Each structure stands twice: as C-alpha cells, then as structure tokens.
Amino acid sequence: VQLVESGGGCVPAGGSLRLSCTVSGHFASHYAVGWFRQAPGRDRELVQAIASRGGSTSSADFVRGRFTIFRDSANNTAFLQMNALEPEDTAVYYCAVRLTLQTLIRRPAYWGQGAQVTVSS
C-alpha cells in the first residue's frame with residue numbers, strides 16, 4: 001500500500017489549504033483514510049478521518065467545523081479541505097489508512113510522506 005500526499009504550503013491566518021492523499025495497492029478502495037498532524041515538540045494527533053465508504057467521519061475538537069474531509073472513491077483519493085486556518089494549525093500533516101475507521105484512529109497501518117502546513121499570524 002502506498003500513500004502519496006500533495007498540497008500544503010504557507011498561508012496567512014484565516015486562509016485555506018487543501019491536502020490530498022492518493023492510495024494505491026491492494027484493497028486501496030477499502031481503507032478508511034485520515035490525517036494526523038505533528039507540530040514541533042508535540043505528539044502526533046488525529047485531525048480528521050473518514051470511513052472507507054465515506055459515511056462516517058471523526059474529527060478532533062480543535063477542528064470546530066473549519067475542516068472537511070471527503071473522498072473521491074473512483075480515484076482512491078481523499079481530501080482535507082482546511083478553512084479559517086490559525087497559526088496553531090502549523091504542523092506536518094500526514095495521511096494514513098487502515099481498514100476501519102476505529103482502528104485507523106487507534107493505530108494507522110500505513111502513512112503518507114507528510115505535508116508541511118505553515119500558517120502565519
């Protein structure tokens with residue numbers, strides 16, 4: 001299983017960014033997909049995740065409706081649309097997969113390469 005991320009960058013506070021994650025390999029369309037982030041000196045934490053069929057999602061409290069995760073199942077690609085970004089959102093964002101949403105949240109099986117998101121004040 002391979003995960004290829006794109007997106008990220010540097011935006012001012014209040015700006016928007018979209019991350020994408022394309023999954024390839026066996027059972028690529030069957031995986032739940034999510035993003036985790038890690039800021040310097042902090043533990044990696046869940047941002048948002050979506051079930052394999054796109055029905056169920058899970059979000060961290062800090063998302064507060066600012067981010068939306070969705071997927072293009074035909075192309076095995078998931079997206080994280082991030083709006084109203086704040087300097088506290090600055091981190092490396094990693095996409096990850098596992099077969100179910102619940103197990104993905106607890107312990108992802110595969111990881112993308114990471115994308116730097118920097119929000120300036």
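The chain is numbered in sequence order, starting from 1. Everything numeric here is computed off the predicted structure, so don't read it as measured data.
For Ala13, the side-chain contact (heavy atoms from CB on, under 4.5 Å) criterion is met by Pro87, Val119, not counting sequence neighbours. Under the side-chain contact (heavy atoms from CB on, under 4.5 Å) criterion, Ser73 pairs with Arg71, not counting sequence neighbours. Taking the salt bridge (charged side-chain N to carboxylate O under 4.0 Å, His left out) definition, one finds that Glu45 meets it with Arg37, sequence neighbours left out. Not a single salt bridge (charged side-chain N to carboxylate O under 4.0 Å, His left out) links Arg107 to another residue, sequence neighbours left out. Legend: residues meeting side-chain contact (heavy atoms from CB on, under 4.5 Å) with Ser6, ordered by chain and number and at least two apart, are Ser20. Residues forming a side chain to side chain donor-acceptor pair (under 3.5 Å) with Ser59 (at least two apart in sequence, or on another chain): Gln48. Residues satisfying the side-chain contact (heavy atoms from CB on, under 4.5 Å) test with Thr103, not counting sequence neighbours, are Arg98, Thr100, Arg106.
Apart from Phe70 itself, the hydrophobic cluster it occupies contains Phe79, where clustering links Ile, Leu, Val, Met, Phe, Trp and Tyr at side-chain heavy-atom distances under 4.5 Å.
The structure places CG of Leu85 at 5.5 Å from CG of Leu17, a figure rounded to the nearest 0.5 Å. The distance from atom CG of Asn83 to atom OG of Ser16, rounded to the nearest 0.5 Å, is 3.5 Å. If you take CG on Leu19 and OH on Tyr94, they are separated by 12.5 Å, rounding to the nearest 0.5 Å.
Without hydrogens or angle criteria, Arg42 side chain to Ala39 main chain gives no donor-acceptor distance under 3.5 Å. Side-chain N or O atoms of Thr90 include none that pairs as donor or acceptor with a backbone N or O of Glu88 at under 3.5 Å. Put simply, the side chain of Asp72 gets close to the backbone of Ala74: a donor and an acceptor are under 3.5 Å apart.
The disulfide bond (SG atoms under 2.5 Å apart) analysis of residues 19-119, with sequence neighbours excluded, yields the pairs Cys21-Cys95. Pairs of residues two or more places apart, or lying in two chains, that qualify as ring pair (Phe, Tyr, Trp, His ring centres under 6.0 Å) and include a residue from residues 98-121 are Phe36-Trp111. Counting only residues at least two apart or on different chains, no disulfide bond (SG atoms under 2.5 Å apart) pair has a member in residues 39-86. The salt bridge (Lys or Arg N to Asp or Glu O under 4.0 Å) analysis of residues 12-35, with sequence neighbours excluded, yields no pairs.
A heavy-atom distance below 4.5 Å is not found between the side chains of Gln116 and Tyr93.
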